[in-house]
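Note that this is a predicted model, so its numbers are computed, not measured. Throughout, a chain's letter reflects where its sequence line sits, starting with A, and its residues are numbered from 1. The basis for the numbers below is simple: all heavy atoms, side chains too, and nothing from hydrogens, waters or symmetry mates.
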Number of protein chains: 2
Amino acid sequence: MKRTRLEGTPCPVARALDAVGDGWSLLIVRDAFDGLRRFGEFQKSLGLAKNILAARLRLLVAEGVLELAPASDGSAYQEYVLTPKGRGLFHVVVGLRQWGEDHCFAPGEERSVLVDLSAERPVRRLQLPAQDGRLLGPDDAVVKKAPVRKARAKR
Amino acid sequence: MKRTRLEGTPCPVARALDAVGDGWSLLIVRDAFDGLRRFGEFQKSLGLAKNILAARLRLLVAEGVLELAPASDGSAYQEYVLTPKGRGLFHVVVGLRQWGEDHCFAPGEERSVLVDLSAERPVRRLQLPAQDGRLLGPDDAVVKKAPVRKARAKR
DNA sequence: TCATGTGGTTTCGTTTTGAAACCAGCTCAG
DNA sequence: CTGAGCTGGTTTCAAAACGAAACCACATGA
């Protein structure tokens with residue numbers, strides 16, 4: 001059977017994972033944040049088979065996460081660049097990074113680090129503020145089911 | 001061939017995705033945040049085949065994201081509960097949720113929403129602060145390679 | 001005690017992944 | 001302008017993962 005798709009779900013998490021939840025996609029996006037743009041750059045960085053990379057890039061373009069642009073170096077080739085939708089994944093990638101730092105390294109093991117470009121110092125932790133500014137953790141928030149919205153009750 | 005594993009990489013994002021990047025895992029974690037604990041609850045919520053669910057749960061337990069606990073209702077069954085490592089995925093799940101809200105719904109389409117439990121109001125956006133408190137976006141931060149560690153700096 | 005619910009495992013067909021070979025269009029040295 | 005090598009793929013084929021359904025053991029509860 002085909003890979004299960006969760007198109008109808010009202011859960012934004014499921015929809016997000018449906019779009020970019022296949023493991024390679026977010027790594028491609030991570031590399032795109034790091035400035036990679038060309039097919040060959042992604043392939044070298046990720047070390048995955050070219051057919052898979054081609055399929056993933058096609059998918060990400062179809063999703064609107066990446067878009068094809070003429071090469072910036074004047075050659076006749078093309079580049080894959082993040083769209084605004086793709087750049088929106090920034091916090092997701094950072095979240096994965098911070099979790100990986102916390103839980104996936106042996107003590108003392110070397111790792112790359114995310115630094116604030118203008119100050120050259122590491123960034124702080126992601127924060128989830130409530131309306132009043134308090135920072136929320138896993139036990140402070142719950143998902144509320146989608147309100148069964150009648151026609152145009154927005155606002 | 002085997003599914004490619006990125007064990008040696010110094011990139012925390014890759015390690016994180018290696019652990020929970022298979023699509024179902026983060027949905028299971030999402031459901032665990034929502035209070036689901038039993039095999040049958042996950043299966044009903046996600047609608048995936050039982051063999052797949054069993055394999056994923058085994059994996060997540062092996063990774064230390066979930067752990068088995070005796071059922072809280074006194075029966076002889078067991079429950080899957082988030083470990084601290086698993087709860088650490090909170091910001092990742094929230095990040096996916098907010099991205100999904102922003103980019104994966106048609107305007108006006110109903111969606112579930114994450115609310116601050118104590119105030120019953122929706123949470124704000126995730127934020128990534130720099131050391132000085134400024135909030136950083138995709139263009140304000142850059143990954144710095146792991147420091148090349150000399151010979152026996154391994155402690 | 002026997003029917004049912006829970007939490008799986010097994011089996012088997014389909015889909016996806018991955019490696020390698022292949023190939024077409026571009027680029028560049030000569 | 002020409003041929004060698006690069007870039008960015010596609011094709012082919014085997015191995016692995018996924019998914020549905022059947023099966024099964026133990027717990028529960030009427």
Any donor-acceptor N/O pair, B:Ser112 side chain to A:Lys144 backbone, under 3.5 Å: no

Pairwise 5' ranking along DNA chain C for B:Tyr77 and A:Ser75, keeping only the more 5' one: B:Tyr77

Separation of atom CD in B:Gln78 from atom P in C:dG5, rounded to whole Å: 22 Å

Any donor-acceptor pair under 3.5 Å from A:Glu41 side chain to A:Ala32 backbone: no

Presence of B:Arg37 side-chain N/O under 4.0 Å of C:dG7 phosphate oxygens OP1/OP2: no

Between C1' of D:dG8 and CZ of A:Phe42, the distance in whole Å: 13 Å

Nucleotide D:dT10, atom P - distance to CG of A:Leu57 in whole Å: 10 Å

Protein-nucleotide distance (A:Leu27, atom CG; C:dT17, atom P), rounded to Å: 14 Å

Nucleotide C:dT17, atom C1' - distance to CG of A:Leu46 in whole Å: 15 Å

Point-to-point distance, once rounded to the nearest 0.5 Å, from CG of B:Leu114 to CD of B:Glu101: 7.5 Å

Pairwise 5' ranking along DNA chain D for A:Tyr80 and B:Ala76, keeping only the more 5' one: A:Tyr80

Side-chain N,O (A:Arg38) to OP1/OP2 (D:dT7) below 4.0 Å: no

OP1 or OP2 of C:dT9 under 4.0 Å from side-chain N/O of B:Arg58: yes

Value in whole Å for how far the C1' atom of D:dG9 lies from CG of A:Leu53: 10 Å

First of A:Ile52 and A:Gly74 reached from the 5' end of DNA chain C, by closest nucleotide: A:Ile52

B:Gln43 (side chain) donor-acceptor with B:Leu48 (main chain) under 3.5 angstrom: yes

Among D:dC18, C:dG18, C:dG8, the nucleotide that comes nearest once only the side chain of A:Ala49 is considered: C:dG18

Spacing between A:Asn51 atom CG and D:dT11 atom P, to the nearest angstrom: 11 Å

Whether over 12 other heavy atoms sit under 6.0 Å from A:Arg121 CZ: no

Atom-pair distance (CG on B:Leu48; C1' on C:dG8), nearest Å: 13 Å

N/O (side chain, B:Trp24) to phosphate O (OP1/OP2, D:dA17) under 4.0 Å: no

